[in-house]
Each structure stands twice: as structure tokens, then as C-alpha cells.
Number of protein chains: 2
Amino acid sequence: MISGKFAITIHILTLLSKFPDEYLSSEFIAGSMNLHPVLVRKEIANLKKNNIVESKEGKNGGTRLLKSASNISLDAIFKMTFDTVTLGFSKNEPNPDCPVGKQINKNLENLYENINEKISLQLSGISLEDFSNKF
Amino acid sequence: MISGKFAITIHILTLLSKFPDEYLSSEFIAGSMNLHPVLVRKEIANLKKNNIVESKEGKNGGTRLLKSASNISLDAIFKMTFDTVTLGFSKNEPNPDCPVGKQINKNLENLYENINEKISLQLSGISLEDFSNKF
DNA sequence: CATACTGTAATAAAATATATTACAAATTTA
DNA sequence: TAAATTTGTAATATATTTTATTACAGTATG
């Protein structure tokens, strides 16, 4: 299942990149995406864990980038918000007595691994700055 | 949200490719993946719509491939079971008064379009036969 | 010390995917 | 031709996952 983590995170970072010298509040950010501030703070917690942003608590607090947008690749964002892209697996423990059931998930996994490599390759060539410049 | 359509469909097709001259019942197929036969028939309905398989109703009925496994690409399966791969969108109508909110989904869409092209390119180089030979 | 933030856990609601039931229609074969 | 077996499909139920909300403790500012 695809959650909005990547989209939310890239949205947050794009906003932060537009105001690199200010602390933006989760409420302000949430207002741009019509989302609950708590969800924004949750993704910010993840960004902090990855040393992409820093936050300041208290009045006039908020969040800002720790690195320049040109030094943040979309692949880094992908990796910190997505496990992997998949097209799905056989979920109910496929029949181990069937040669296909027995191996299907391993073979799908190999297939998806290649897909993720391609995606990473592409995203690693795009910086947050590149993305942000489109706005 | 990722549904199991692709995985179920490729599983069905792999089984059919192993018995190209037989009509396999949805119950037999479901047994290999531990899934309800109705779900198998649903995906088979989709395969029929795309002229990949044919079914025979009634006793001793079932489903078989209409084309050789070497002529079915994983990309074709991808296209008939997946809308597109995405890393998510801003869902709640982002704020149109914010330059970022206003354009975020369009820009994400462009990004994902490139990803889907890469995935298609990769999958179009793999046939059902190639995949099936791994079992 | 009041105000305006972050941080985070707990819970609720909504959306989506998966499973089941039910039964009509078709085909085989005894 | 009747019983058995299978597909086709709609309707419904259950489970899972996402998303939203509530609540409140902790922290910095002025």
C-alpha cells in the first residue's frame, strides 16, 4: 500500500527550500497541503532522524533545512520514506507444495529489486533544488 | 494503494504457461496461491478482456493461454493490472493560494511518469516465458 | 508567566483490499 | 436428460491500512 509519506515529505522540503532561512511551523506547512499538522510533524520527525532538517521548539519555533537543497537528492527522500516500490506479492503463504507457489515471492522480489534500482538511479539524478525550481 | 492484481495475475499466467494445453480450474489455481477462487476468476476476467486467455465453462472447464508465453511481456501484464506506479500524491486538494500547493501534484505526476517509463522499458524486455523459466 | 510552538502516544474514522456467499448459466458425461 | 462440475458476477462482509483527530506534556520566547 502506498502511503503519502514521500509526497508529504517532498512537499515539506520544497516549502522549506523556498524559505531556507526561516523556521516554518507545522501549521503553516500543513496549510499548504491541507493536512493535519500532526502528520506533518510526524514526517518532520523522520527528516530529523535523517539529519535533513532541524526543529526549534517553543514560541516562534518551527523547522528548517540543515543542508542546501542542491545537496538533497530525491533518491535520499525516496529511501527515507519508502520501503521499496513493489507491484505486490502473494500474501497468503502460497502453497509450498506447488513449484510456482513455492518460489513466486522470491522471483517477484528479484524483479522488484531491479525496478527499485532503476528508480533510485533516476531519482539520484534529481536534487531537491531541481524539483523546487519547477515551482 | 497497491493491490495484489499484478502478483495474482502473473501467478495465474505462470501456472497456465506450465500447462499450456490444459484448462486449469480457478480452484486449482487458487490452491497454488491460497486465495479464494472468486478472486482468481476476477483476474481471469481481466485477462480475457485483454485476449490473453480463454475460458471454458461447465464441467472440466477452466482457463488456458491464448498466446505463447514468449509473446506475453511482463509490461503487458503490468499495464493491464496496474494503473501506474506512484510514490503518492497530495490528497486533500492542496492549497491553491500556495505556489507549492498549487503545482505539487502536477510536478509529482511528471516525476512518476518518468518512473513508469523506466519500469515499462524494463518489463517489456522480460517475457512470461522468461519469468516462468525461473520456476 | 502567558503564549505559541514541537513531540508523541492513543484513539477514531475513512478508505481500500480481500474474502465470502450466493446463485444463474454453461458444459460434460453417465 | 439429469447430476455434477465449472465459470461469471453481483452483493455483502471482514480485515487491513491510511489518514485524521484528540490530548497533553515539554520547551522557548518575549
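Note that the coordinates shown come from a computational prediction; the quantities given were computed from them, not determined experimentally. These values consider heavy atoms only, across backbone and side chains, with no hydrogens, waters or symmetry-generated copies.
One can place CD1 of Ile44(A) at 9 Å from C1' of dT6(C), the figure rounded to the nearest angstrom. For His36(A) and dA13(C), the NE2 to C1' distance is 13 Å, given to the nearest whole Å. The nearest whole Å value for the distance from the CG atom in Leu39(B) to the P atom in dT20(C) is 8 Å. Put simply, CG on Asn34(B) is 9 Å from P on dA19(C), counting in whole angstrom units. In this structure, Tyr23(A) places its OH atom 15 Å from P of dC5(C), rounding to the nearest Å. In this structure, Lys5(B) places its NZ atom 15 Å from P of dT16(C), rounding to the nearest Å. Counting to the nearest Å, the P atom of dG30(D) and the CD atom of Glu57(A) are 16 Å from each other. Atom CZ in Phe82(A) sits about 14 Å away from atom C1' in dT17(D), given to the nearest Å.
Each of Lys59(A) and Ile8(A) was assigned the nucleotide of DNA chain D with the nearest heavy atom; the assignment lying further toward the 5' end belongs to Ile8(A). Looking at which nucleotide of DNA chain D each of Ala45(B) and Arg41(A) is closest to, the 5′-most match is held by Ala45(B).
Without hydrogens or angle criteria, Asn95(B) side chain to Gly101(B) main chain gives no donor-acceptor distance under 3.5 Å.
Relative to the side chain of Asn60(A), the nucleotides dA22(C), dT8(C), dG30(D) differ in distance, and dG30(D) lies closest. Distances from the side chain of Val38(B) to the nucleotides dT7(D), dA17(C), dA22(C) place dA22(C) closest. Closest contact between the side chain of Leu35(A) and the listed nucleotides dC5(C), dA11(D), dA20(D) involves dA20(D).
Contact annotation for Thr63(A): no contact, since no heavy-atom pair falls under 4.0 Å across all strands.
There is a side-chain donor-acceptor pair under 3.5 Å between Ser68(B) and Ser70(B). Counted by atom type alone, Ser55(A) and Thr63(A) present one or more donor-acceptor pairs between their side chains at under 3.5 Å.
The distance between the ring centers of Phe19(B) and Tyr23(B) does not fall below 6.0 angstrom.
Residue Ser25(B) has no polar side-chain atom (N or O) positioned under 4.0 Å from OP1 or OP2 of dT6(D). Residue Asn92(B) places at least one side-chain N or O under 4.0 Å from the OP1 or OP2 atom of dA20(D).
Using bins of under 30°, 30° to 60° and over 60° for the plane-to-plane angle, the ring pair Phe82(B)/Phe6(B) lands in the perpendicular bin.
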